[in-house]
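Heads up, the thing below is written out as structure tokens.
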Amino acid sequence: MPELPEVETVRRGLAAVMEGRPIVNVLVRRGDLRRPLPEGFAAALTGRTVIAIDRRAKYLLFRLDDGTVVIAHLGMSGSMVIEQAVDSQAPDAFPDPNMAGGKHEHIVFSVGNGTQIRFSDPRRFGLMDLATEETLADHPLLASIGPEPLEESFDGAALAARLTGKRTPIKSALLDQRIVAGLGNIYVCEALFAAALSPRRSAHTVQGGRADRLLRSIKSVLLAAIEAGGSTLRDHVAPSGEIGYFQHNFQVYGREDEPCPSCAQPIHRLVQAGRSTFFCSRCQR
DNA sequence: AGGGGGACCTGTGCGC
DNA sequence: TGCGCACAGGTCCCCC
């Protein structure tokens, strides 16, 4: 589900209810996510206050008042559900697992004002881990991630430099988090369409004006998606329960055989590195 | 060394 | 209605 715009939407929703508040309880229903929750996860969080919630690539970073940092990834199907506790006297009260929607809510955080934040992840490709402010930058999950695409300093020249010598298709290069952070299958397809670049083009040929164009397309697609509250496919919702609506603005993603919004030729689908790519073979070169 | 393929999981939708 | 298959927003490990 979540690419950079969705994770950013989740971050904003969580920040509004968690920042400045103590975590009074952490209930782990299932700790066997993509990797097992670290030893002592719940104990490390309980009683700590959330100072800030940040985002790096598709990771959420919960900064706690003792220097602990919780690293969380939503995987393909993860989401955060915010709800007022049914009974504020029993902050670890958990909804009946047999109730609809509760089955995949693996971790429940209760914060000081009686609000529950529940991590739901049907496929369990998500993960959570612990670091400290000192070790965060060197954490294996974060150490080799490339620049944030929305950083002011990330310009066409910086993108071009990171694509130099790459023989892989530009589609695959943009999915590689070491080259640029936060992009996923949807927004890569959309950005390549906006830049009129073929997903099959060898990455090293994206230099100069092409790199400038691609860089501008990446930024504008991401910013528009964040503005729209992300994209809601299937059941993904922002923590507030509101759905994002950027999916209505997809130009090519998921639109195989539909007319290209620019030239009306049918949109093609192909598979690259095991992932579907949607593009217009006439507009994108 | 870098890149592609499979693995990790569960749910859903479609064709037969 | 039921079954089996294809496919899904991500990442990691292994092998060439």
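Hydrogens, waters and symmetry mates play no part in the numbers below; they use all other heavy atoms, side chains included. Within every chain, numbering begins at 1; the chains are lettered A, B, ... in the order of the sequence lines, protein sequences first and strands thereafter.
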OP1 or OP2 of B:dG5 under 4.0 Å from side-chain N/O of A:Arg275: no

5' precedence on DNA chain C between A:Arg123 and A:Pro140 (nearest-nucleotide basis): A:Arg123

Sugar-phosphate only, base, or nothing, as touched by A:Tyr59 at under 4.0 Å among non-hydrogen atoms: sugar-phosphate

Touch class at under 4.0 angstrom, heavy-atom based, for A:Leu175 against every strand present: nothing

A:Lys103 vs B:dT10: side-chain N/O to OP1/OP2 distance below 4.0 Å: no

Centroid distance under 5.5 Å and plane angle under 30°, A:Phe125 vs B:dC8: yes

Presence of A:Ser276 side-chain N/O under 4.0 Å of C:dA8 phosphate oxygens OP1/OP2: yes

Ring pair (Phe, Tyr, Trp, His ring centres under 6.0 Å) partner of A:Tyr253, chosen from A:Phe193, A:Phe278, A:Tyr187, A:Phe246: A:Phe278

Under-4.0 Å salt bridge between A:Arg29 and A:Glu105: no

Sugar-phosphate only, base, or nothing, as touched by A:Pro169 at under 4.0 Å among non-hydrogen atoms: sugar-phosphate

Carboxylate-amine/guanidinium contact A:Glu3 A:Lys58, below 4.0 Å: no

Sugar-phosphate, base or nothing in reach of A:Arg178, heavy atoms under 4.0 Å: nothing

Pairwise P distance, C:dT11 and B:dA1 [rounded to whole Å]: 24 Å

